[in-house]
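Ligands are counted one by one from 1 in listed order, and the atoms in each one are counted from 1 as well. We use all heavy atoms of the structure for the numbers below, so side chains are in, but hydrogens, waters and symmetry mates are not.
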Amino acid sequence: MKGLYGVIGDPIAHSMSPDMHNDAFGAMGIDAHYHAFHVKPGDLGTAVKGMRALGVKGFNVTVPHKTAIMPFLDKIDPLAATIGAVNTVILEDGGYTGYNTDGLGFVSGLISGLDGPLKDHRALIIGAGGAARAIYYTLISEGLISIDVCNRTKERAEALISGNPNGASSKALSLPEAEDGLSRYSLIINTTSIGMEPKTEEMPIDLANLQADAFVSDIIYNPLETRLLREAKGKGARIQNGLPMFVGQGALAFKIWTGKIPDLERMKKIVLDKLGG
Ligand code: ATR
């Protein structure tokens with residue numbers, strides 16, 4: 001029988017995950033289908049019960065359900081528990097286990113773009129939401145020691161770094177404080193949605209003090225080049241968009257479900273084709 005997989009979110013209509021995963025299933029000869037399910041917040045618990053009853057083998061979880069889903073699952077992987085968010089669920093022994101592949105998906109894409117070792121960088125994360133938490137904890141677990149967090153609401157940045165388990169050196173900053181001290185950072189990561197379609201002219205932070213040899217990464221992939229990346233490139237910085245993270249988190253989810261690693265370049269091409277670029 002065809003294995004059923006999917007993604008739940010609200011909104012979900014523009015998700016690129018179905019195209020990406022269905023293509024990979026087909027290319028790898030796996031008899032499965034991946035479907036986008038529109039689930040409103042009030043229906044989340046019922047939706048998870050229904051998926052369990054129907055034998056859905058695995059699914060992704062996206063905005064706004066990544067944290068809210070946790071009480072409805074049977075087990076939570078330790079990294080997902082530390083992050084406080086789940087983006088991948090698998091049916092194991094009749095129960096659902098929640099994982100988080102966002103952080104590792106981001107870091108694997110980042111490392112493939114960086115020149116030197118990750119641990120040599122002094123990093124600044126912009127934002128303190130779920131995506132920032134996933135990236136912050138995964139970067140620390142991958143050996144980054146110096147990593148500050150700035151956010152519009154500074155208290156949320158303080159809350160994020162207060163849970164730091166490995167003694168990394170972190171400071172919480174307001175956005176103006178981060179802008180003033182921007183020249184201190186060799187790696188800058190935007191985790192907010194600022195600059196995403198349709199508000200493509202917005203910037204999460206002013207780049208006046210950016211180091212010319214910095215590496216600037218934005219988790220947004222629509223547009224492929226945000227204003228932040230465009231301006232950073234204009235100042236001589238190296239840039240990376242959110243496509244490697246999106247594909248990376250999807251590939252890791254696919255591996256959790258099937259035990260097989262899909263073709264990342266093929267996944268990237270599917271998304272690029274869908275974006276029209
Ligand atoms: P996610 O889980 O996708 O990361 P989130 O938890 O809503 O989403 O977090 C969004 C992040 O973008 C937060 O850091 C948020 O800042 P606040 O904590 O101050 O809300 C940031 N953000 C969103 N819109 C913003 C804006 N217009 N200006 C500055 N920061 C913004």
Completion exercise
In short, ring pair (Phe, Tyr, Trp, His ring centres under 6.0 Å) pairs touching residues 174-212 with sequence neighbours left out are none

Problem - Pair listing, ring pair (Phe, Tyr, Trp, His ring centres under 6.0 Å) test, anchored in residues 210-234, at least two apart - result: Tyr221-Phe246

Problem - Near ligand 1, at a heavy-atom separation below 4.0 Å: residues by chain and residue number - result: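 Around ligand 1, where the cutoff is 4.0 Å for heavy atoms, the contacting residues are Gly127, Ala128, Gly129, Gly130, Ala131, Asn151, Arg152, Thr153, Arg156, Thr192, Ile194.
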
Problem - Verify same cluster id: Val216, Ile205 (apolar side-chain graph, 4.5 Å) - result: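 Val216 clusters together with Ile205.
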
Distance-only donor-acceptor hits, side chain of residues 36-58, under 3.5 Å, sequence neighbours excluded:
unit_1 : atom_1 : unit_2 : atom_2 : d
His38  : NE2    : Asp10  : OD1    : 2.6
Arg52  : NH2    : Phe72  : O      : 3.1
Arg52  : NH2    : Asp74  : OD2    : 3.0

Handout entry: Parallel, tilted or perpendicular, as decided by the 30° and 60° cut-offs, for the rings of Phe254 and Phe25
Key = tilted

Practice task
Report yes if the side chains of Leu104 and Glu142 come closer than 4.5 Å at any heavy-atom pair, otherwise no.
Solution key: yes

